[in-house]
Amino acid sequence: MTLQIYNMLHREKMPFEPINEGKINMYVCGPTVYDHAHLGHAKTYVSFDIIVRYLRARGYDVLYVQNLTDVGHLLDTGEDRILKKARQSASLPMQIVETYTRSYFEDMDALGVARPDISPRASGHVPEQIEMVRQLIDKGHAYEVDGNVYFDVRSWEGYGKLSNRQIEKQEAGSREEVRSDKRHPDDFALWKRAEPEHIMRWDSPWGVGFPGWHIECSAMARKYLGETFDIHGGGIDNIFPHNECEIAQSEACNDAEFARYWLLVGSLMVPDEFGNPVKMSKSLGNFYTVKDALALHPPQVIRAFIATGHYRKPITFSEKALSDARQGWERMFTAVHFTREKLRTAPESDEGNGILETIKQTRTQFYAAMDDDFNAPVALSSLYDFTREVNAMIRNVPDAGKSVLQAIEDAYTEMGTEVLGVVPDTTLFANPEREADLIRLLVEIRANAREDRNFALSDQIRDHLAERNISLLDTANQGTFWQVL
RNA sequence: GGCGACGUAGCCAAGUGGAUAAGGCAUGGGUCUGCAAAACCCUGAUCGCCGGUUCGAAUCCGGCCGUCGCCUCCA
């Protein structure tokens, strides 16, 4: 089987071939750390997390770099996002950066997103950016005007190849500032002169200033991954101008291909007042922070929701969509948990081994789906099909053997936990073993009460546990199962 | 105006030329249960509309209608 990836650069699905066999260098555009992450960010970074986990599960040695933008990202007012936030909260820019960087990792950690191998900050790589700008000027691809340096888009014939924009066809000037000192409206800033009130400033050959937004990714990708690397990812909303500018400046500077495969993630949408989906974004005020969502649902539910849609497509969010995803996820996690509980006392036999064939089929479907441009929705659906079989087996084969149950558990761990990250590797308790033990005691006491037909006591125990999100399931011939959700 | 997408059952969402159109949620019926919110079984769509290509199309082409994204900060 070969891994097929849809490459946005060529707009087609193609076999994946890394530059160096077995090794993948990958860069993903990270967030601008000036506020808490919302579910739109979660969609992008969970999607790439699943991709990275799958590549690693497939045996690739992945070097994953994801930047943190902490300077140079301007609002349309020309104001730096970080500086604006700093002024609003009467703090230093780097305090803002630190606060929201920590918040971002806190959220991503909670969502089970594996940390990037390197998380370079733009402000920590100003010399590298200056060097790249200098090289671009030397090669005639950039020019300086009064302390500002611009990339000359007409000097690079490849400009527009990712987003399919042709500068001649753009309606030049329609939205351009009248006083611009650019030679061409599409020319973009590599370095900007700092006005006196702009406190994030560095010395450069062109005076005191700060780097433009796009150059950080080019400079940091080159530093850590080399001039040419395998995969570049990001959100589709940054295809133009950001990604386009990255390609132009990198390839013009290095005389080498930039990234070979471009993977761009569809946006998270949310219905507007008329029910039409619009992009979740800060400015529209229709966002839902990761922290808000995590207060209501286990992280695996959020991942499962994200995985119900293909990474390239937009997905529409609503609280109902999230809770619907939760219902299905609960059924699966229940199967996993019951398997683990039975495993504790299972006999040494291969009773119930009919399901081994199902496991084999599930694995085949799962990997085929993930090999087809990381089709997580189909991969997840194979786990749901599997779950139905597991739940049926758990009930129909009371004395299922240890090796069989272990095979089920292994399959869930391999696909559900390690690749998709939707199956918790333990219960959702803070102290899993101790709390599980206490519940087993209560279940035992309740079983005795039921035997005495003391339903008042048995229901008291059940209700008490239910109030703590612990549900009980009585069976005809194998006692009571419990689950925490 | 330019560029790019999307429109599949009540809702979310796979599938991009071929045999019964994945999966999740919800609905209805059933099994099990002392009861029960669980679990299992059964239950639904001919794929926005029109035309074309083809032995054959949800899947390709054209037109129309509707929606969204980017072009200005956004993952």
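Naming convention: chains lettered A, B, ... in sequence-line order (proteins, then strands); numbering from 1 in each chain.
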K.L.:
Please tell me which of A/F338 and A/H310 maps to the more 5' nucleotide of RNA chain B, matching each residue to the nucleotide holding its nearest heavy atom.
P.N.:
A/H310
K.L.:
Could you check whether the side chain of A/D385 and the base of B/G24 have a donor-acceptor pair of N or O atoms closer than 3.5 Å, going by distance alone?
P.N.:
no
K.L.:
Quick check for you: among B/G69, B/C11, B/A22, whose closest atom lies nearest to any side-chain atom of A/K320?
P.N.:
B/C11
K.L.:
Only one of A/D70, A/I82, A/D80 passes side-chain contact (heavy atoms from CB on, under 4.5 Å) with A/Y34; say which it is.
P.N.:
A/I82
K.L.:
What's the closest nucleotide to the side chain of A/D324 if the choices are B/C11, B/A37, B/A75?
P.N.:
B/C11
K.L.:
Out of B/A13, B/G34, B/A75, which nucleotide sits closest to the side chain of A/I315?
P.N.:
B/A13
K.L.:
Side-chain donor or acceptor of A/R462 under 3.5 Å from a matching atom on the base of B/A36?
P.N.:
yes
K.L.:
Under 4.0 Å between any heavy atoms, over every strand shown, what does A/H38 touch: base, sugar-phosphate, or nothing? Just pick one.
P.N.:
base
K.L.:
Just call it for A/W213: base, sugar-phosphate, or nothing, with non-hydrogen atoms closer than 4.0 Å on any strand.
P.N.:
sugar-phosphate
K.L.:
The side chain of A/Y384 lies closest to which of these nucleotides: B/C35, B/G24, B/A38?
P.N.:
B/G24
K.L.:
So does A/D186 pair up with A/R165, basic N to acidic O under 4.0 Å?
P.N.:
no
K.L.:
Assign A/F455 to base, sugar-phosphate, or nothing according to its heavy-atom contacts below 4.0 angstrom with the strands shown.
P.N.:
base
K.L.:
Could you check whether the side chain of A/R165 and the base of B/C70 have a donor-acceptor pair of N or O atoms closer than 3.5 Å, going by distance alone?
P.N.:
yes
K.L.:
Closest approach to the side chain of A/V378, judged atom by atom: which nucleotide of B/A75, B/C71, B/A22 is it?
P.N.:
B/A22
K.L.:
Indicate, yes or no, whether a donor-acceptor pair under 3.5 Å links the base of B/C35 to the side chain of A/D474.
P.N.:
yes
K.L.:
Can A/Y45 be classed as stacking with the base of B/A75, given a centroid separation cut-off of 5.5 Å and a plane angle cut-off of 30°?
P.N.:
no
K.L.:
If you check every side-chain atom of A/H41, which of B/G15, B/A36, B/A75 has the closest atom?
P.N.:
B/A75
K.L.:
Determine whether the aromatic ring centres of residues A/F151 and A/F188 are separated by less than 6.0 angstrom.
P.N.:
yes
K.L.:
Heavy atoms from C-beta onward define the side chain here; which of B/A37, B/C40, B/A75 lies closest to that of A/M280?
P.N.:
B/A75
K.L.:
Using a 6.0 Å distance limit plus a 45 degree cone around the ring axis, check whether A/R183 lies over the aromatic ring of A/Y150.
P.N.:
no
K.L.:
B/C40, B/C32, B/G15: which one has an atom nearest the side-chain heavy atoms of A/A476?
P.N.:
B/C32
K.L.:
Would you please confirm or rule out a distance under 4.0 Å between OP1 or OP2 of B/A14 and any side-chain N or O of A/N375?
P.N.:
no
K.L.:
Give A/S47 one of three labels, base, sugar-phosphate or nothing, depending on what nucleic acid heavy atoms sit under 4.0 Å from its own.
P.N.:
nothing
K.L.:
Any idea which of B/C68, B/C6, B/C70 is nearest the A/K313 side chain?
P.N.:
B/C6
K.L.:
Are A/V71 and A/V97 packed together at the side-chain level, in the sense that at least one heavy-atom pair is separated by less than 4.5 angstrom?
P.N.:
no
K.L.:
Can you check whether A/Q483 has a side-chain N or O nearer than 4.0 Å to OP1 or OP2 of B/A38?
P.N.:
no
K.L.:
Using a 4.0 Å heavy-atom cut-off, does A/I394 contact any base of the nucleic acid, only the sugar-phosphate backbone, or nothing at all?
P.N.:
nothing
K.L.:
Determine: side-chain N/O of A/R312 to OP1/OP2 of B/C6, distance under 4.0 Å, yes or no.
P.N.:
no
K.L.:
Within the modelled atom types, does a donor on one side and an acceptor on the other bring the side chain of A/R11 and the base of B/G4 under 3.5 Å apart?
P.N.:
no
K.L.:
Select from A/S281 and A/P314 the residue whose nearest nucleotide in RNA chain B is closer to the 5' end of that strand.
P.N.:
A/P314
